Amino acid sequence: MEEMRKSKLEVGELGIVAMNGSHELASEVEQYIKDIRRDEKTHMIRTSFPRFGSGEAKGLIHETVRGKDIFILVDCFHYGVTYTMQGMTVPMSPDDHFQDLKRAISALCGKPRRINVIMPMLYAGRQHKRSARESLDCAVALQELQALGVKNILTFDAHDPRVQNAIPNSGFDSLSPTYQMIKTLIENEKDIRIDDENLMMISPDEGGVPRAMYYSSVLGVNLGMFYKRRNYAVIVDGKNPIEAHEYLGKEIKGKDVIISDDMISSGDSMLEVCEIVKKKGARRVYVFATFGLFCNGIEGFDEAYKKGNITKIFTTNLAYVRPEILQRDWYTQVDMSKYLAHLIDAINYDASISELIDPFVKIKTLLEETGNRKIG
């Protein structure tokens with residue numbers, strides 16, 4: 001990175017806009033950028049999004065952004081942010097956050113040299129394809145951002161990265177916290193042995209197989225998977241209910257197991273998979289999920305931990321996690337702020353982020369340094 005800065009110029013002076021609910025993460029990212037660049041220059045752009053009593057809002061930029069390379073950090077799933085409407089306290093929905101994002105871009109008035117959006121959990125990402133007469137919310141949202149002048153969109157573990165086909169002439173990267181997950185696991189579980197005899201990767205469904213395959217490849221361990229047998233004759237809460245989880249793969253008995261997924265939403269499927277894996281004789285059960293939403297509460301996870309069905313759940317700080325979850329013995333948060341800082345630093349200098357996207361070499365080095373089996 002140091003050589004890059006000597007040979008290249010910034011696209012524009014760096015500016016970071018933190019949307020509501022993203023200020024803590026943005027502050028941590030900015031501090032890492034200061035460390036990387038060895039200066040104390042402030043990059044945060046002061047903004048506000050006041051609301052009228054009716055619930056309507058507007059976006060305000062409180063300092064110059066002319067000629068800057070702007071990075072907007074937004075967590076569309078931070079329901080801990082509230083506002084007042086008609087005298088009621090209302091939690092911000094993903095729709096509210098996305099509308100504020102568009103307000104921020106509009107308030108920039110076309111003055112920045114470039115606008116980049118870092119949206120860790122992709123807005124409407126699960127409504128990525130059409131199977132009937134239904135809306136294509138994710139594609140429409142991406143096209144709206146493109147029309148507003150956004151040049152690059154960075155997200156993590158997009159439910160289906162093919163949504164980028166909606167904006168083929170704009171930058172779109174779906175990143176993964178693979179290295180950070182593995183590093184945090186090794187730091188917290190000192191006796192973990194990462195080899196084929198002691199560890200196994202599991203995908204909880206068909207859609208997560210590519211993710212689990214990458215983990216199993218870089219770690220050099222076997223892969224198993226579950227597939228969801230659904231009842232397509234019934235629709236409950238907008239989806240076909242799962243009747244059973246069927247396992248495919250080698251024997252689990254006596255091994256530690258890592259179950260990897262993009263998110264924990266209600267958590268019902270994950271809890272069932274963990275229970276099945278434990279019944280099959282797994283020694284310890286770890287869960288890697290980029291986003292921990294826990295939409296239906298955490299009582300089920302507390303119970304699963306007591307029963308021994310779950311050893312530890314790892315999710316990132318890229319999406320809001322309720323404070324009480326952070327205190328649970330079964331939960332560990334994976335810090336992504338340094339990774340985001342390196343991404344922003346590289347993109348600001350218009351440098352390649354290929355090594356940041358695929359961390360195979362870093363993972364290999366980590367395993368060798370911690371005494372685990374050499375890969376490759």
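Everything numeric in this text was worked out from a predicted model, so none of it was measured.
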Between F294 and F301, ring centroids under 6.0 Å: yes
Backbone N/O of [Y] and side chain of [X]: donor-acceptor pair under 3.5 Å:
X    : Y    : result
T316 : L318 : yes
D205 : F226 : no
N198 : D195 : no
S174 : A158 : yes
R66  : K111 : no
H97  : H78  : yes

Walk me through whether Q127 and V140 qualify under side-chain contact (heavy atoms from CB on, under 4.5 Å). CA-CA 10 Å; Q127 188 53 29; V140 171; over 6 Å; no
Quick test of your reading of the model: are [X] and [Y] salt-bridged, counting only N-O distances below 4.0 Å?
X    : Y    : value
R284 : D256 : yes
E369 : K183 : no
K34  : D345 : no
R37  : E10  : yes

Go through the side-chain N and O atoms of [X] and [Y] and say whether any donor and acceptor fall under 3.5 Å apart.
X    : Y    : value
R322 : Y79  : yes
N348 : R114 : no
D358 : Y214 : yes
Q99  : D95  : no
D262 : H159 : yes
T315 : Y331 : yes

Return the set of residues passing salt bridge (Lys or Arg N to Asp or Glu O under 4.0 Å) with D39 (not counting sequence neighbours), or none when no residue passes. none
Hey, what do you get for [atom1] ([X]) to [atom2] ([Y]), rounding to the nearest 0.5 Å?
X    : Y    : atom1 : atom2 : result
I186 : M181 : CD1   : CE    : 13.5 Å
I313 : I264 : CD1   : CD1   : 4.5 Å
S216 : M201 : OG    : CE    : 7.0 Å
H62  : S48  : NE2   : OG    : 3.0 Å

Going by ring pair (Phe, Tyr, Trp, His ring centres under 6.0 Å), name the residues that satisfy it together with F288, two or more places apart in sequence or in a different chain. Y215, F314
Taking salt bridge (charged side-chain N to carboxylate O under 4.0 Å, His left out) as the cut-off, I'd like each qualifying pair that reaches into residues 133-145, sequence neighbours left out, listed once. K102-E144
Sort and list the pairs that fulfil salt bridge (charged side-chain N to carboxylate O under 4.0 Å, His left out) and have at least one residue in residues 302-315, not counting sequence neighbours. D302-R328
Is there side-chain contact between L199 and K255, with heavy atoms separated by less than 4.5 Å? no
Against K250, only a single residue in L223, N222, D196 fulfils side chain to side chain contact (heavy atoms under 4.5 Å, CB included); can you say which? N222
Among I118, D173, L145, which residue satisfies the side chain to side chain contact (heavy atoms under 4.5 Å, CB included) criterion with I153? L145
Just jot down the side-chain contact (heavy atoms from CB on, under 4.5 Å) partners of I45, sequence neighbours excluded, or say none. V17, T47, I61, E63, V65, K68, I70
With sequence neighbours left out, what residues match Y320 under side-chain hydrogen bond (donor to acceptor under 3.5 Å, both in side chains)? none
With a cut-off of 6.0 Å (strictly less than), are more than 12 heavy atoms of other residues, nucleotides or ligands near CD of E206? yes
